[in-house]
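Please read these numbers as outputs of a predicted model, since none were measured by experiment. To find a chain, count down the sequence lines: A is the first, B the second, and so on, and within it residues start at 1.
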2 protein chains.
Amino acid sequence: MFKISEFSRLSRVSLKTLRYYDDFGILKPAKIDKETGYRYYSADQLLTLNRILMYKDLGFTLQHIQQLLREDISMESVRGMLQRKENEIQQRLEEERERLSKIQDRLLLLKREGRVEKEQEVFMKSVEAQKIISFCSHGTVEEIPELFHKLEQLVGKQKRQLLPQMVMWKESESNEAEFELEVAYSLKQEIAISSDILNVRMLPEEPMMATLLQRVDPFVPSTACIDLAKWLEDNHYRIKKDQPGREVYVQSLEENGGTYVEVQIPIEAVRRGS
Amino acid sequence: MFKISEFSRLSRVSLKTLRYYDDFGILKPAKIDKETGYRYYSADQLLTLNRILMYKDLGFTLQHIQQLLREDISMESVRGMLQRKENEIQQRLEEERERLSKIQDRLLLLKREGRVEKEQEVFMKSVEAQKIISFCSHGTVEEIPELFHKLEQLVGKQKRQLLPQMVMWKESESNEAEFELEVAYSLKQEIAISSDILNVRMLPEEPMMATLLQRVDPFVPSTACIDLAKWLEDNHYRIKKDQPGREVYVQSLEENGGTYVEVQIPIEAVRRGS
DNA sequence: GGCGAATGTTTAAAATCAGTGAGTTTTCCC
DNA sequence: GGGAAAACTCACTGATTTTAAACATTCGCC
């Protein structure tokens, strides 16, 4: 039997940690003196502690280790836990690599350009599925404001329920100025359709969108869309052609708070060589 | 101006998080109604929030992001922070790779052998510098018990101060059964030397030791040392030849608690191909 | 116009994970 | 008796999430 400090020296695990393991229940001392409350550990427990350390090294949480230490655990469960852990680590590795390459990009740009670019504020996110009310049209970017006006009139007064506005554009390759557009409001709840030009539908979830948020002056078409497309090209991302890009407009209605547009372009996972 | 829930939908950041950011001080609402305490956000703040998200994505903590968001931050500081982050991620990547390969090894062994081997309980740790009292000798493994006995007699009665026993062996290639040994006690404090065969010295820190803990029967030489060496060879680790290996004995003196030996072999960092 | 129900919003506190650190009191051992 | 070592508690880490209790609003319904 060892006192806690001896056991700590032997195992090179701190006193705090040993006491914590006791509290947690993962390694109870073999004996506790009733009078003094002193913890006494047996030599056997070095073995257990060693296993704990090993599993910890492998990245398991104490809870999982507790399961793994149980005598009656089957080999299949062990294998399962190991495999789940393997996947988890694979994924984390992927994320870290991603992060690293982003940081390296930024460093490179900082060195080359000597400043932090607005264009760097490109950001990946997932956008969940949402319900929209919309109509389709043809037109140039300059016509978007009137299309919004039209939508507003068609939908009517229940503005409270809808937020925000968005435009989706399908690339129409034939004509560079004119696009096939869908002008929409995002809906919180169901809504009664009052027109047969309008349709209500679900926009599917996009697991990966490259987004860029920019302030825009009203009635001046923004360059955000082009900026983002350029950034994507520079960074060797592949644009998902089967899903349209979106421009989501955010405006402080009542005030002079300005208008912002967030361009969202669905992309596919393409690992690029750094 | 947006209410918190609108702002949350717009930015796809949860209410909880927005409130937390307010508390944290990283993104205070543009206005708070005195009467109701309601938070109101401006459209501008979407931009700030987007920057926050981007930095978070890069792996920065909120504290660092707060620094990065300050207007007066110099480009040099930004670069510094990015570079520190880069190193940090590099290191984490390394660790994760290590972990992954360990898990994959275990999985492989589980599949091949159908059980979790005792030999797998090999564990890497660093061992800090320590003071020892020892004497050197020549002998076979069978002679170790008597050498310990001799050491005990030489040192005398102050057993309380010393823990644990250890043997260090330098490979003596000429003779397979006989080793050059150093028999030692690990010392907690200074001790008066009573003999000129004994010497007190520091054992240097070993940043990386492969260790294996095994129960041993008294007077039966253990195979732990051989097991560990075999494992190392299987796993393509390189043994540091300039430092001796150690066998650290742990025994519950007073009881029938058994004796354990932990074999420690210093190794060098060699990344192995999987 | 009033009622209840269902949301929506606020605040604050506690849990998460695996400990570390500081500070105080009790016990051990010589 | 004195100093080391044991115990204990409380606070803190990071970035939220969860929970609970207290108000506010909006809805249908009568």
Side-chain angles (χ1 to χ4, degrees), chain A residues 1-29 31-41 49 52-53 55-67 85 88 92 158-161 163 188-192, chain B residues 1-9 11-29 31-41 49 52-53 55-67 85 88 92 156-163 187-191:
Chain A
M1 300 298 243
F2 306 104
K3 280 202 238 173
I4 194 168
S5 60
E6 294 166 336
F7 198 66
S8 161
R9 261 201 314 287
L10 254 40
S11 60
R12 273 164 293 271
V13 170
S14 79
L15 300 178
K16 297 278 187 183
T17 305
L18 288 174
R19 290 193 191 115
Y20 178 70
Y21 284 175
D22 182 9
D23 288 353
F24 190 91
I26 202 174
L27 185 69
K28 294 276 180 198
K31 189 191 129 200
I32 293 186
D33 191 303
K34 291 282 184 301
E35 308 265 304
T36 65
Y38 275 31
R39 296 169 176 85
Y40 290 93
Y41 292 87
L49 185 51
I52 292 173
L53 294 179
Y55 282 126
K56 216 157 65 71
D57 200 49
L58 255 37
F60 286 97
T61 65
L62 294 195
Q63 228 147 20
H64 286 158
I65 295 174
Q66 199 159 32
Q67 288 172 37
K85 200 84 215 162
E88 197 186 308
R92 240 205 323 276
Q158 310 117 301
K159 259 198 289 194
R160 217 185 347 66
Q161 301 214 11
L163 199 83
K188 265 205 294 190
Q189 285 130 344
E190 204 57 61
I191 196 174
Chain B
M1 300 296 243
F2 307 104
K3 280 202 237 172
I4 195 169
S5 60
E6 295 167 335
F7 198 66
S8 161
R9 262 201 312 286
S11 60
R12 270 165 293 271
V13 169
S14 79
L15 301 178
K16 312 275 186 178
T17 306
L18 288 175
R19 286 198 271 264
Y20 177 72
Y21 284 174
D22 181 9
D23 288 353
F24 192 90
I26 203 175
L27 185 68
K28 293 276 181 199
K31 189 190 128 201
I32 293 184
D33 191 302
K34 292 283 186 297
E35 308 264 306
T36 64
Y38 277 30
R39 295 171 176 82
Y40 290 94
Y41 291 88
L49 185 52
I52 292 173
L53 294 179
Y55 282 125
K56 216 156 66 69
D57 199 50
L58 254 39
F60 286 97
T61 65
L62 294 195
Q63 228 148 18
H64 286 158
I65 295 174
Q66 199 160 32
Q67 288 173 39
K85 200 83 215 164
E88 198 185 308
R92 243 206 319 277
K157 63 268 154 260
Q158 311 117 302
K159 259 197 287 192
R160 209 189 356 65
Q161 302 215 8
L162 3 116
L163 200 84
L187 287 178
K188 268 204 292 191
Q189 287 130 345
E190 204 58 62
I191 195 173

Evaluate side chain to side chain contact (heavy atoms under 4.5 Å, CB included) for A/Thr61 paired with A/Lys56, printing each intermediate quantity in order.
CA-CA 7 Å; A/Thr61 65; A/Lys56 216 157 65 71; over 6 Å; no
Atom [atom1] of [X] and atom [atom2] of [N]: how far apart are they, to the nearest Å?
| X | N | atom1 | atom2 | value |
| --- | --- | --- | --- | --- |
| A/Asp22 | C/dG19 | CG | P | 14 Å |
| B/Asp23 | C/dA13 | CG | P | 11 Å |
| A/Glu35 | C/dT25 | CD | P | 22 Å |
| B/Tyr38 | C/dT9 | OH | P | 7 Å |
| A/Leu27 | C/dA18 | CG | P | 15 Å |
| B/Glu6 | C/dG8 | CD | P | 13 Å |
| A/Leu15 | D/dA5 | CG | P | 10 Å |
| A/Arg9 | D/dA4 | CZ | P | 15 Å |

Taking NZ, NE, NH1 and NH2 as the nitrogens, is one of them in A/Lys85 or A/Glu88 under 4.0 Å from a carboxylate oxygen of the other?
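Salt bridge between A/Lys85 and A/Glu88, a charged N being under 4.0 Å from a carboxylate O: yes.
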Indicate whether OP1 or OP2 belonging to C/dT10 is found under 4.0 Å from a side-chain N or O atom of B/Thr36.
no
Is A/Arg19 close enough to D/dA7 that one of its side-chain N or O atoms is under 4.0 Å from OP1 or OP2 there?
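Yes, because at least one side-chain N or O of A/Arg19 sits under 4.0 Å from OP1 or OP2 of D/dA7.
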So, taking the atom named CD1 in B/Ile52 and the one named CG in B/Leu27, what distance separates them when rounded to the nearest 0.5 Å?
4.5 Å
Distance from B/Leu58 atom CG to B/Leu53 atom CG, nearest 0.5 Å?
12.0 Å
So, do B/Tyr41 and B/Lys3 sit near enough that their side-chain heavy atoms are less than 4.5 Å apart?
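With C-beta onward as the side chain, the pair stays apart.
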Pairing residues for B/Asp57 by the side-chain contact (heavy atoms from CB on, under 4.5 Å) criterion, not counting sequence neighbours:
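Counting only residues at least two positions away or on another chain, B/Asp57 forms a side-chain contact (heavy atoms from CB on, under 4.5 Å) with A/Lys102, A/Phe123.
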Report, one line per pair, each donor and acceptor closer than 3.5 Å where one atom sits in a side chain of residues 12-22 of chain A; sequence neighbours left out.
from: A/Arg12; atom 1: NH2; to: B/Glu262; atom 2: OE2; distance (Å): 3.3
from: A/Ser14; atom 1: OG; to: A/Thr17; atom 2: N; distance (Å): 3.1
from: A/Ser14; atom 1: OG; to: A/Thr17; atom 2: OG1; distance (Å): 2.7
from: A/Asp22; atom 1: OD1; to: A/Lys28; atom 2: NZ; distance (Å): 3.3
from: A/Asp22; atom 1: OD2; to: A/Arg39; atom 2: NE; distance (Å): 2.8

Classify the ring geometry of B/Tyr55 against B/Phe60: parallel below 30°, tilted from 30° to 60°, perpendicular beyond 60°.
perpendicular
For A/Tyr40 and A/Tyr38, take the angle between the two ring planes, folded into 0 to 90°, and tell me which bin it lands in: parallel under 30, tilted 30 to 60, perpendicular over 60.
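A/Tyr40 vs A/Tyr38 ring planes: tilted.
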Could you work out how much the helix from C/dG1-D/dC30 to C/dC30-D/dG1 bends, comparing the axis of its first five pairs with that of its last five, to 10°?
30°
Counting heavy atoms from C-beta on, name the nucleotide in D/dA7, C/dT10, C/dC28 closest to the side chain of B/Ile4.
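Shortest atom-to-atom distance from the side chain points to C/dT10.
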5' priority, DNA chain D, between A/Lys3 and B/Lys3 [closest heavy atom]:
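The residue whose closest nucleotide sits nearer the 5' end is A/Lys3.
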If the sugar-phosphate is the primed atoms plus P, OP1 and OP2 and the base is the rest, what is the B/S/- string for nucleotides 9-22 of chain D, using protein heavy atoms under 4.0 Å?
-----SBBSBB---
At under 4.0 Å between heavy atoms, what does A/Arg39 touch on the DNA or RNA strands: base, sugar-phosphate, or nothing?
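It contacts sugar-phosphate atoms only.
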